[in-house]
Amino acid sequence: MTRRQLLRMIGMSAGSAAMYQAMTSLGFAAESDFHGVPQLGAAPKGASVLVLGAGIAGMVAALELRKAGYAVQVLEYNARAGGRNWSLRGGDTYTELGGETQRCGFAPGQYINPGPWRLPHHHRGILGYCRQFNIPLENFVQVNYNAYLHTTSAGDGKPQRYRTVRADYHGHVAELLAKATRSNQLDAAVSKEDQEKLLASLQWWGALDRDYRYTRSRDSSDRRGYDKDAGGGLSGDPVPSTPMGLGDVLGKTLWGRLPFGDLYEMQTTLMQPVGGMDRIGLAFARELDGLIRYRARVLDIHQDEHGVRVAFEDTAEPGSRHQASADWCVCTIPLSILGQIPINVGQAMADAIAAVPYAASVKIGLQFKRRFWEQDEAIYGGISYTDQPIDTISYPSHGYHDSGKAVLLGAYAFGAHAMQFTAMSPAQRIEAALEQGSRIHPQYRAEFENGVSVAWHRSPFTLGCFGLWTEAARAKHYRNLCAIDGRIALAGEHASQLPAWQEGAVTSALDAIERLHHRALAQGAAA
């Protein structure tokens, strides 16, 4: 089976979000190769660099180049730093393409991260800057065994606890393997001694009984949960639960979400900045105070043997035209935007810029009067999954037992479902999220207060969520995209093997500036 066939099968059975995660695990993203910030040494005397974009990649480039002694200036489209590193809080406004403006009505202390929302433990680059800037982190709960897996095709559409589906899947698979082992069907592959060890391990792993059957019992209920939990005194006897049949587990495709927490990027420990992901962007912006010009919309990028000139508009003064120049340029503008800006680079880089579409994604934040998921259903952090277009409900990994209002992620849609949401107005998206979420949490309607949505293809500064490489496009264009063209180097998650992750932006920027610095030194020596 080819990877393309496998991805198609995963997409059909478990949805576009699962297919995206599978793409990540199949080599479209990999472990960060960060080994520390490169020590550039001194910049050539008087050398200057213009950085386009104050997202994570742009600010990493600006920070490290300034340390080396370059004169640095940064142009940023938004009125804030961070790019997709962004948090929406009460009082914030956001205007998407088409003119719809949303005013976030969240209570003080509540927020949603429309872009990146978690930090894997092995993303050492972005975590290193968190440490450098003294940004406090807290655990992000990826897998919660008490959260839900839901499919509309499962009987009456009732959501199932994650632990229940996981236990039943493991139990039935263990029983099948035990049957094959006991009937001597594995003689050619496993020795007799190892077969005995295998049976013992399957019995424990799958909670099988002494006859190697997966049945209703105390052992299986210790994995999937009880109909009545154990307690004290005369009324404390637990009541075991009844497993779903193998056909039900496989037929409902609930199993498709089980491996998410096993994917490398999703494995414990994951973290998040205390108070919102934008704490990272804000920390970079403080370090670069005075170097970033905000509300600067790039109109034209031109290079020659003397340097790079960039024309830009101050969006606070529509129709204005300004110019910035430097010896070198690090461009971190998303390819979806850069492809519409005149830039005189070689054909190889131009083709690479045009070769990468951007993924569709939508996030919807919903504020409720109380933390009913904790109070009513004992869900503390983690994620519930559904085959409905909202795809994901993520519960806050902070503020447990707070008595006030709270915000959860009411949708995180990809692919075709994201495009459906993108075509709606913000109010329609929130209504759809409430309708679909109510099938998992009936409390939605009574507890809902307000919401906000971000459809990334309607984001003026990205026109999409992240660079969506194919294997063929990466093989043909990736090295050309990352190669320095004259005096211009590109950087960002799109120029990395870690698409969609901030670590990709960090490592891409560090790689680009190291190569640009060597070129600047070589040119200075030649002069």
Side-chain angles (χ1 to χ4, degrees), residues 1-34 57 84 115-116 118 120 122-123 125 256-257 259-267 331-339 345-361 391 412-419 456-457 462-485 489-512 515:
M1 180 180 294
T2 67
R3 294 209 284 188
R4 182 182 302 275
Q5 290 169 332
L6 177 60
L7 288 170
R8 184 182 298 116
M9 185 176 71
I10 293 171
M12 291 172 62
S13 63
S16 58
M19 184 168 67
Y20 161 65
Q21 301 293 358
M23 289 168 62
T24 301
S25 67
L26 288 173
F28 290 92
E31 180 180 4
S32 167
D33 62 352
F34 178 81
R84 281 162 280 184
R118 49 198 165 185
H122 49 81
H123 283 190
R257 307 303 184 119
F260 274 21
D262 296 328
L263 298 178
Y264 188 49
E265 283 82 8
M266 311 300 176
Q267 291 175 9
C331 179
T332 68
I333 297 173
L335 303 182
S336 47
I337 302 291
L338 185 59
V345 293
Q347 194 62 48
M349 179 175 280
D351 290 344
I353 291 170
V356 184
Y358 270 51
S361 178
D391 191 86
Y412 188 12
F414 281 96
H417 287 158
M419 295 308 295
W456 279 101
H457 265 98
T462 57
L463 299 180
C465 188
F466 59 89
L468 193 61
W469 286 96
T470 63
E471 288 183 272
R474 194 177 284 278
K476 184 175 181 179
H477 296 292
Y478 180 74
R479 297 191 68 83
N480 292 333
L481 186 80
C482 297
I484 297 175
D485 185 295
L490 305 187
E493 55 81 20
H494 50 270
S496 80
Q497 297 286 349
L498 287 152
W501 292 97
Q502 293 179 100
E503 186 74 359
V506 170
T507 53
S508 169
L510 294 176
D511 175 78
R515 290 183 288 114

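Throughout, numbering of the chain's residues begins at 1 and tracks the sequence.
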Under 4.5 Å between any side-chain heavy atoms of H123 and Q502, yes or no? no
Do you know which two heavy atoms are closest between A491 and S508, and how far apart they sit? CA-OG, 3.3 Å
Does A350 have any side chain to side chain contact (heavy atoms under 4.5 Å, CB included) partners at least two apart in sequence or in another chain, and if so, which? V345, Q347
Using side chain to side chain donor-acceptor pair (under 3.5 Å) as the criterion, list what pairs up with R479, not counting sequence neighbours. none
D485: side chain to side chain donor-acceptor pair (under 3.5 Å) partners, not counting sequence neighbours: Q303
Inter-residue atom distance T507.OG1 - E493.CD, 0.5 Å rounding: 10.5 Å
Show, in sequence, the C-alpha distance, side-chain angles and deciding distance for H417 and D391, and conclude whether the side-chain contact (heavy atoms from CB on, under 4.5 Å) test is met. CA-CA 9 Å; H417 287 158; D391 191 86; 5.6 Å; no
So CZ of R84 and CZ of F466: to nearest 0.5 Å the spacing works out to 9.5 Å
Test item: H122 side-chain N/O and Y264 main-chain N/O as donor-acceptor pair under 3.5 Å: yes
Atom pair CD1 (I353) and CD1 (I337), whose distance is rounded to the nearest 0.5 Å: 12.5 Å
Apply side chain to side chain donor-acceptor pair (under 3.5 Å) to Y358 and list each qualifying residue two or more places apart in sequence or on a separate chain. H494
About how many Å separate CG of L498 and OG of S496, when rounded to the nearest 0.5 Å? 5.0 Å
Quick check against the 3.5 Å criterion: does T332 have a side-chain atom that pairs as donor or acceptor with the backbone of G492? no
Got a second to check how far C482's SG is from D511's CG, nearest 0.5 Å? 7.0 Å
Partner set under side chain to side chain contact (heavy atoms under 4.5 Å, CB included) for A355, not counting sequence neighbours: H477
Measure the shortest side-chain to side-chain distance between Q267 and P120 over non-hydrogen atoms and say whether it is less than 4.5 angstrom. no
Test side chain to side chain contact (heavy atoms under 4.5 Å, CB included) applied to S361 - qualifying residues, sequence neighbours left out: Y412, F414, W456, C465
